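Encoded as structure tokens, the structure appears first; notes follow it.
Predicted model only: the values in this text are computed from it and were never measured.
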Amino acid sequence: MSYTPNNRQYLSTVSNVVSVLGVHELMGHGILKYSENEHWKILSTQQNHWSWKSATKNLKELYNDLQRKRKEYRPH
């Protein structure tokens, strides 16, 4: 996800920032070393993290859309 004025809403709350930057980027790609083809593992990690419960509807809809459109977000 690139951060443009149109999608700043995805980083509009503490829960979203923790989910996207903390869990997805730092934990998923950084610590756990999941590859670009393993976004489904990262999404599962995000959904099981406390921040997901409080994440905004817009962020959850973004990831639902990614699951529908991109195979690396679908469990396999």
Side-chain angles (χ1 to χ4, degrees):
M1 168 189 332
S2 60
Y3 302 102
T4 65
N6 293 333
N7 62 15
R8 283 188 191 157
Q9 63 184 333
Y10 301 130
L11 297 177
S12 63
T13 67
V14 171
S15 293
N16 284 16
V17 170
V18 170
S19 185
V20 173
L21 299 180
V23 181
H24 185 108
E25 297 299 339
L26 178 63
M27 186 182 300
H29 290 298
I31 296 169
L32 298 173
K33 306 286 188 215
Y34 290 141
S35 71
E36 292 298 315
N37 292 324
E38 296 178 301
H39 274 108
W40 64 277
K41 290 181 181 179
I42 297 172
L43 180 55
S44 178
T45 302
Q46 284 177 272
Q47 291 170 332
N48 288 305
H49 190 268
W50 65 263
S51 60
W52 190 256
K53 184 176 180 181
S54 300
T56 63
K57 181 180 175 183
N58 287 336
L59 183 66
K60 292 177 182 180
E61 287 174 351
L62 168 69
Y63 282 109
N64 287 335
D65 192 48
L66 288 169
Q67 278 188 303
R68 283 190 298 276
K69 294 180 179 178
R70 296 176 60 180
K71 67 180 182 176
E72 69 268 20
Y73 280 90
R74 286 184 232 126
H76 49 278

[atom1]-[atom2] distance between [X] and [Y], expressed to the nearest 0.5 angstrom:
X   : Y   : atom1 : atom2 : result
N64 : K57 : CG    : NZ    : 11.0 Å
T13 : L59 : OG1   : CG    : 7.5 Å
Q46 : K41 : CD    : NZ    : 15.0 Å
E38 : T45 : CD    : OG1   : 10.5 Å
Q67 : K71 : CD    : NZ    : 15.5 Å

Can you check whether [X] reaches [Y] side chain to side chain, under 4.5 Å on heavy atoms?
X   : Y   : result
W50 : S15 : yes
R74 : H39 : no
Y10 : Y63 : no
I42 : Y73 : no
E36 : H29 : yes
W40 : R70 : no

Side chains of Q9 and N58: donor-acceptor distance under 3.5 Å anywhere?
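Checked: Q9/N58 side chains pair up, N/O donor to acceptor below 3.5 Å.
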Under a plain distance cut-off of 3.5 Å, with no hydrogens placed, do N16 and S19 share a side-chain donor-acceptor pair?
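Checked: S19/N16 side chains show no N/O donor-acceptor pair below 3.5 Å.
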Give the minimum heavy-atom separation between K53 and K60, together with the two atoms involved.
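Closest pair (atom of K53, atom of K60, distance): O-NZ, 3.7 Å.
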From CA spacing to verdict: side-chain contact (heavy atoms from CB on, under 4.5 Å), L21, L26:
CA-CA 6 Å; L21 299 180; L26 178 63; over 6 Å; no
Has N48 got a side-chain atom pairing as donor or acceptor with S44's backbone, closer than 3.5 angstrom?
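Yes: the side chain of N48 pairs with the backbone of S44.
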Membership question, hydrophobic clusters at under 4.5 Å side-chain separation (ILVMFWY): are V23 and L66 in the same one?
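They do not share one cluster, since no chain of ILVMFWY contacts under 4.5 Å joins L66 to V23.
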I need the single residue from V14, V18, V17 that forms a side-chain contact (heavy atoms from CB on, under 4.5 Å) with S51. Which is it?
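Testing each of V14, V18, V17 against S51, the sole residue satisfying side-chain contact (heavy atoms from CB on, under 4.5 Å) is V18.
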